[in-house]
Amino acid sequence: MDITAHDTDFHHRLARMLTPRRVFDAQGVAHGDIDLRLVQSIEDVLVPRLGHWEASDTWFHQLDFYGDGVRSLTFSRSVFPYDQVSQLQRLLRGEHADFCILCIATDRLAGGESATDDDYLAIFKDTLMATPKLATQMAKALLGGS
């Protein structure tokens with residue numbers, strides 16, 4: 001896992017790591033269908049554990065379609081699916097190999113303000129990139145710590 005220095009560093013590096021938009025533009029109208037198949041696959045992984053995101057105050061799947069190959073998921077910190085990151089990464093094969101799944105951990109999903117900055121994880125087919133706090137929490141969760 002690649003760990004960034006902070007969230008600004010994360011966003012700068014993410015911009016450089018994303019697949020160039022021309023790759024998705026070359027898919028033409030098929031890109032929308034390819035994207036929707038990834039949406040469904042992501043939900044097949046997450047819904048059994050987290051429930052449906054619609055009207056949820058614990059997670060949100062951004063369904064706006066920008067054609068940029070980024071699927072964006074936002075989670076309350078308390079339910080961040082650390083144990084499902086590898087399953088999500090395995091979805092990025094075949095027609096979805098050029099996509100990125102961007103995960104955001106926040107204290108603000110249910111509304112209100114927080115003194116804590118959001119944390120980020122970018123999932124690519126061959127690598128993960130995270131902000132320091134999220135990387136630490138993921139390591140603890142996967143090792144069975146708190």
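The figures that follow rest on heavy atoms only: side chains count, while hydrogens, waters and symmetry mates do not. Remember, predicted model here, so these are calculated numbers, not experimental data.
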*Asks:* Going through the distances and angles, do Cys100 and Leu14 end up as a side-chain contact (heavy atoms from CB on, under 4.5 Å)?
*Replies:* CA-CA 10 Å; Cys100 169; Leu14 177 64; 4.1 Å; yes

*Asks:* Can you tell me which residue pairs pass the salt bridge (Lys or Arg N to Asp or Glu O under 4.0 Å) test with a partner in residues 125-134, sequence neighbours excluded?
*Replies:*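 For residues 125-134, and leaving out neighbouring residues, there are no salt bridge (Lys or Arg N to Asp or Glu O under 4.0 Å) pairs at all.
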
*Asks:* Should Leu128 and Val70 be regarded as members of a common hydrophobic cluster, given that ILVMFWY residues are connected when their side-chain heavy atoms come within less than 4.5 Å of each other, either directly or indirectly?
*Replies:*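 Shared cluster, no.
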
*Asks:* Under the salt bridge (Lys or Arg N to Asp or Glu O under 4.0 Å) rule, collect the residues that match up with Asp25, sequence neighbours excluded.
*Replies:*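 Only Arg21 meet the salt bridge (Lys or Arg N to Asp or Glu O under 4.0 Å) criterion with Asp25.
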
*Asks:* So, using side chain to side chain donor-acceptor pair (under 3.5 Å) as the criterion, who are the partners of Asp33 when residues are at least two apart?
*Replies:*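 Asp33: no side chain to side chain donor-acceptor pair (under 3.5 Å) contacts found.
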
*Asks:* Output all residues satisfying side chain to side chain donor-acceptor pair (under 3.5 Å) with Trp53, sequence neighbours left out; order by chain, then residue number.
*Replies:*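 Trp53 satisfies side chain to side chain donor-acceptor pair (under 3.5 Å) with Glu43 only.
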
*Asks:* Nearest heavy-atom pair of Phe24 and Gly67: which atoms, and what distance?
*Replies:*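 What the structure gives for the nearest pair is CB-O, 3.5 Å.
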
*Asks:* Partners of Asp68 by salt bridge (Lys or Arg N to Asp or Glu O under 4.0 Å), sequence neighbours excluded?
*Replies:*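 Listed in chain order: nothing, the list is empty.
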
*Asks:* Would you say Ile101 ends up clustered with Phe60 if hydrophobic residues are merged whenever their side chains have heavy atoms under 4.5 Å apart, either directly or through other cluster members?
*Replies:*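 In one cluster: yes.
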
*Asks:* For the backbone of Arg108 and the side chain of Thr106, can you confirm whether one donor and one acceptor N or O come within less than 3.5 Å of each other?
*Replies:*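 Between the backbone of Arg108 and the side chain of Thr106 there is a qualifying donor-acceptor contact (under 3.5 Å).
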
*Asks:* Whether the side chain of Gln87 engages the backbone of Val45 through a donor-acceptor N/O pair (distance < 3.5 Å, no angle test) should be reported.
*Replies:*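 Looks like no, no N/O pair under 3.5 Å.
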
*Asks:* Evaluate the side-chain proximity of Thr131 to Asp117: yes if any heavy-atom separation is below 4.5 Å, no if none is.
*Replies:*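 No, every pair of side-chain atoms sits at 4.5 Å or beyond.
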
*Asks:* Under 4.5 Å between side-chain heavy atoms, counting indirect links through other Ile/Leu/Val/Met/Phe/Trp/Tyr residues: same cluster for Val23 and Ile123 or not?
*Replies:*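 No, separate clusters.
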
*Asks:* Answer yes or no: does atom CZ of Arg22 have more than 12 heavy-atom neighbours from other residues, nucleotides or ligands under 6.0 Å?
*Replies:*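 Not more than 12 within 6.0 Å, no.
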
*Asks:* Is the shortest heavy-atom distance from the side chain of Pro132 to the side chain of Thr4 under 4.5 Å?
*Replies:*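 Side chain of Pro132 against side chain of Thr4, heavy atoms only: contact under 4.5 Å found.
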
*Asks:* Sequence neighbours excluded, which residues qualify as ring-ring contact (aromatic ring centres under 6.0 Å, His included) partners of Phe10?
*Replies:*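 In terms of ring-ring contact (aromatic ring centres under 6.0 Å, His included), with neighbours along the sequence ignored, Phe10 is linked to Tyr120.
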
*Asks:* Of all the heavy-atom pairs spanning Val79 and Arg49, show the shortest one and how long it is.
*Replies:*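 Val79 and Arg49 have their closest heavy atoms at O-NH1, 3.6 Å.
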
*Asks:* Does Met17 belong to the same Ile/Leu/Val/Met/Phe/Trp/Tyr cluster as Leu134, with side-chain heavy atoms less than 4.5 Å apart forming each link?
*Replies:*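 No, no single cluster joins them.
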
*Asks:* Kindly write out the residues that satisfy ring-ring contact (aromatic ring centres under 6.0 Å, His included) with His96, not counting sequence neighbours, or none if the list is empty.
*Replies:*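 ring-ring contact (aromatic ring centres under 6.0 Å, His included) list for His96, sorted by chain: Phe99.
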
*Asks:* Hey, are the side chains of Ser72 and Ile104 touching, using non-hydrogen atoms and a 4.5 Å cut-off?
*Replies:*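 Yes, at least one pair of side-chain atoms sits under 4.5 Å.
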
*Asks:* Assess whether side-chain contact (heavy atoms from CB on, under 4.5 Å) is satisfied between Leu102 and Gln62, documenting all intermediate values.
*Replies:* CA-CA 10 Å; Leu102 175 63; Gln62 175 63 267; over 6 Å; no

*Asks:* Rounded at 0.5 Å granularity, tell me how far CZ in Phe124 sits from CE in Met129.
*Replies:*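 Going from CZ on Phe124 over to CE on Met129, the span is 6.0 Å.
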
*Asks:* So which atom in Leu88 and which in Ile42 form the shortest heavy-atom distance, rounded to 0.1 Å?
*Replies:*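 Closest pair (atom of Leu88, atom of Ile42, distance): CD2-CG2, 4.2 Å.
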
*Asks:* Hey, what do you get for CG (Leu142) to CD (Gln137), rounding to the nearest 0.5 Å?
*Replies:*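 Reported to 0.5 Å precision, the distance equals 11.0 Å.
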
*Asks:* Does NE2 belonging to His52 count more than 12 external heavy atoms closer than 6.0 Å?
*Replies:*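 No, the 6.0 Å shell around NE2 holds no more than 12 heavy atoms from other groups.
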
*Asks:* Kindly write out the residues that satisfy side chain to side chain donor-acceptor pair (under 3.5 Å) with Thr127, not counting sequence neighbours, or none if the list is empty.
*Replies:*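 Testing Thr127 for side chain to side chain donor-acceptor pair (under 3.5 Å), a comparison that skips the adjacent residues, returns none.
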
*Asks:* Apply side-chain contact (heavy atoms from CB on, under 4.5 Å) to Ser56 and list each qualifying residue two or more places apart in sequence or on a separate chain.
*Replies:*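 Ser56 satisfies side-chain contact (heavy atoms from CB on, under 4.5 Å) with Thr58, Trp59 only.
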
*Asks:* Using a 4.5 Å cut-off on heavy atoms from C-beta on, say whether the side chain of Met138 contacts that of Met1.
*Replies:*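 Met1 reaches Met138 side chain to side chain.
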
*Asks:* Test of understanding: with ring-ring contact (aromatic ring centres under 6.0 Å, His included), list the residues that count as partners of His12, not counting sequence neighbours.
*Replies:*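 ring-ring contact (aromatic ring centres under 6.0 Å, His included) check on His12 returns nothing, list empty.
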
*Asks:* Might you point out which heavy atoms bring Leu121 and Phe80 nearest each other, and give the distance in Å?
*Replies:*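 Taking Leu121 first and Phe80 second, the nearest heavy atoms are CD2-CZ, 4.1 Å.
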
*Asks:* Compile the donor-acceptor pairs under 3.5 Å between side chains in residues 34-41 and protein atoms, sequence neighbours left out, one pair per line.
*Replies:*
residue	atom	partner	partner atom	Å
Asp35	OD1	Arg71	NE	3.1
Asp35	OD2	Arg71	NH2	3.2
Arg37	NE	Glu95	OE2	2.7
Arg37	NH2	Glu95	OE1	2.9
Gln40	NE2	Asp44	OD1	2.8
Ser41	OG	Arg37	O	3.1

*Asks:* Check for me, please, whether Phe75 and Leu63 land in the same ILVMFWY cluster - side-chain distances under 4.5 Å, paths through other members count.
*Replies:*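 Cluster IDs for Phe75 and Leu63 match.
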
*Asks:* Going by the rule side chain to side chain donor-acceptor pair (under 3.5 Å), which residues pair with Asp98 if we only count those two or more places apart in sequence or in a different chain?
*Replies:*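 Per chain and number, Asp98 pairs via side chain to side chain donor-acceptor pair (under 3.5 Å) with no residue.
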
*Asks:* Do Asp118 and Asp7 have side chains that approach each other closer than 4.5 Å (heavy atoms only, starting at C-beta)?
*Replies:*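 No. Closest side-chain heavy atoms not under 4.5 Å.
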
